[in-house]
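Please read these numbers as outputs of a predicted model, since none were measured by experiment. To find a chain, count down the sequence lines: A is the first, B the second, and so on, and within it residues start at 1.
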There are 2 protein chains.
Amino acid sequence: MNKEVNDSTYWREFDKNPLSHSMAHYLMAIDALRNELGYARSTDIAEMLEVSRGAASMALAQLKKRGWVTEDPNRFLLLSEDGARIASMVEHNFIILSKFFEQVLMVDTETAMGDACKMEHLVSNETGKRLLWLMRYLLSDEDLAVKVRERMSTYKPRCDPLTEQCPICGGTTECLATAEAVL
Amino acid sequence: MNKEVNDSTYWREFDKNPLSHSMAHYLMAIDALRNELGYARSTDIAEMLEVSRGAASMALAQLKKRGWVTEDPNRFLLLSEDGARIASMVEHNFIILSKFFEQVLMVDTETAMGDACKMEHLVSNETGKRLLWLMRYLLSDEDLAVKVRERMSTYKPRCDPLTEQCPICGGTTECLATAEAVL
DNA sequence: AATTTCTGTTATGCTCCTTTAACAAGGAGA
DNA sequence: TCTCCTTGTTAAAGGAGCATAACAGAAATT
């Protein structure tokens with residue numbers, strides 16, 4: 001099961017993701033504060049993210065070192081061009097993912113946003129843009145949109161492998177959908 | 001922008017995910033080894049995941065403490081019922097996600113698997129099962145499958161907001177798809 | 001001007017996950 | 001039996017990210 005994944009130590013790419021979850025949120029907080037208040041200071045970031053000022057200070061130092069955050073002459077925080085691009089990308093990923101979960105998969109809002117938030121910084125650029133491309137289609141083509149909505153409104157948490165043909169389960173002995181949550 | 005996300009400190013749910021990425025892979029490695037060799041020892045896990053024996057030993061101690069891993073009379077590693085369920089769920093999430101990325105979004109295999117691996121343990125049970133439900137439809141209904149494939153084969157990395165109506169971009173000033181990668 | 005408050009930085013310590021290295025116990029072969 | 005190798009555990013240390021607390025300097029209040 002997932003042999004190739006486990007064999008090539010590929011699974012640790014996770015930690016090597018160029019952008020950590022927290023760093024993404026520091027960048028987005030700067031963006032949000034500048035849109036909201038017109039400026040962003042370290043303390044505002046800390047308050048918005050509900051972390052200590054010390055934590056914010058150290059995180060921002062890290063982001064400055066990476067060249068994603070700078071300061072204006074009055075020492076207010078700015079996103080560099082790269083920083084802004086990264087923030088924007090993650091924000092977009094969040095929007096696209098949460099809309100997909102909520103409006104296509106018809107997951108409840110809470111879950112959709114929780115899932116989107118966890119994954120927003122992990123989606124590759126390629127996958128993110130292609131998901132957007134698909135979403136624009138799924139939500140604009142009435143015919144298709146209706147079909148998909150119909151499909152999702154008949155959602156059954158598990159299927160009967162004896163009577164249904166499943167192109168996903170394929171070789172596996174048990175229907176994937178029967179995996180129950182324990183967590 | 002994502003105001004509600006930043007405001008409610010909701011973004012830190014990420015760290016509180018019941019299952020860390022590494023723990024998920026330790027569980028899956030046990031499963032894989034038992035399927036492959038019929039047994040799983042600490043050293044085998046370490047080798048498969050390419051971590052030190054010390055790291056594997058401590059991780060497994062943690063997993064035993066949580067009740068997800070046990071030992072048989074010969075001290076070989078076993079997954080508890082809960083552990084097996086979790087491993088199975090993450091494995092399924094990987095399959096579903098990578099198939100979705102590769103066969104629906106038509107992302108290249110490498111990227112699809114990389115993205116899937118990063119997210120496999122973060123997908124909620126609800127979202128995972130609904131994605132499977134949608135996938136079964138997208139891949140089985142010929143009509144729809146063809147339409148979606150057609151859509152994705154005309155993929156353009158960016159769209160022109162002046163001539164195209166985008167139900168996603170909505171209020172944003174810039175088309176989401178124009179966000180360029182920096183990472 | 002003097003005092004208080006706010007802002008940002010730094011020191012220390014915690015958790016998680018990793019590493020290397022030291023060590024104990026068991027099994028295999030000479 | 002006596003080595004030698006494998007296996008598993010533990011100790012020490014490091015990086016990421018967080019907290020708390022002490023501090024310096026700036027800003028605002030009195």
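Ring centers of B:Phe14 and A:His121: under 6.0 Å apart, within the cut-off. Residues A:Phe100 and B:Phe100 place their aromatic rings such that the two centres sit under 6.0 Å apart.
Comparing A:Gly54 and A:Met23 along DNA chain D, the residue whose closest nucleotide (by nearest heavy atom) sits nearer the 5' end is A:Met23. Nearer to the 5' terminus of DNA chain D, by closest-nucleotide assignment, is the contact made by B:Arg41 (compared with the other of B:Arg41 and A:Ala55).
Closest to the side chain of B:Ser20, from the set C:dT19, C:dG8, C:dC17, is C:dC17. Comparing atom distances between the B:Lys64 side chain and each of D:dT9, C:dT18, D:dA19 picks out D:dT9 as nearest. For B:Arg75, whose side chain is taken as the heavy atoms from C-beta onward, the closest listed nucleotide among C:dT9, C:dT18, D:dT9 is D:dT9.
Distance B:Leu60 CG to C:dC16 P: 16 Å, rounded to the nearest Å. A straight line from NE2 of B:His21 to P of C:dC17 spans 12 Å, rounded to a whole angstrom. Per the geometry, CZ belonging to A:Arg53 stands 15 Å off P belonging to D:dC23, to the nearest Å. Summarising the geometry, the separation between CD on B:Gln62 and P on C:dC17 is reported as 7 Å, rounded to the nearest angstrom. The distance between atom CG of B:Asn74 and atom P of C:dA25, rounded to the nearest whole Å, is 20 Å. To the nearest angstrom, C1' of D:dG17 lies 16 Å from CG of A:Asn17. Distance A:Lys65 NZ to D:dG15 P: 11 Å, rounded to the nearest Å. B:Glu47 places its CD atom 18 Å from the C1' atom of C:dT19, with the value rounded to the nearest Å.
Within the 4.0 angstrom heavy-atom criterion, only backbone atoms of the sugar-phosphate kind lie near A:Tyr26; the bases stay farther away. Residue contacts shown for A:Ser57 include a base, since a base heavy atom lies under 4.0 Å away. If you check every strand for non-hydrogen atoms under 4.0 Å, B:Ser52 touches a base.
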Quick one: do B:Arg66 and B:Asp82 satisfy salt bridge (Lys or Arg N to Asp or Glu O under 4.0 Å)? Show the steps, please. CA-CA 10 Å; B:Arg66 293 195 210 175; B:Asp82 280 359; over 6 Å; no
So B:Arg12 and B:Asp15, salt bridge (Lys or Arg N to Asp or Glu O under 4.0 Å) or not? Walk me through it. CA-CA 6 Å; B:Arg12 268 202 277 172; B:Asp15 292 315; 6.0 Å; no
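A distance of 8.5 Å separates CG in B:Leu78 from CD in B:Glu71, rounded to the nearest 0.5 Å.
In terms of phosphate contacts, A:Thr43 brings a side-chain nitrogen or oxygen within less than 4.0 Å of OP1 or OP2 of C:dG8.
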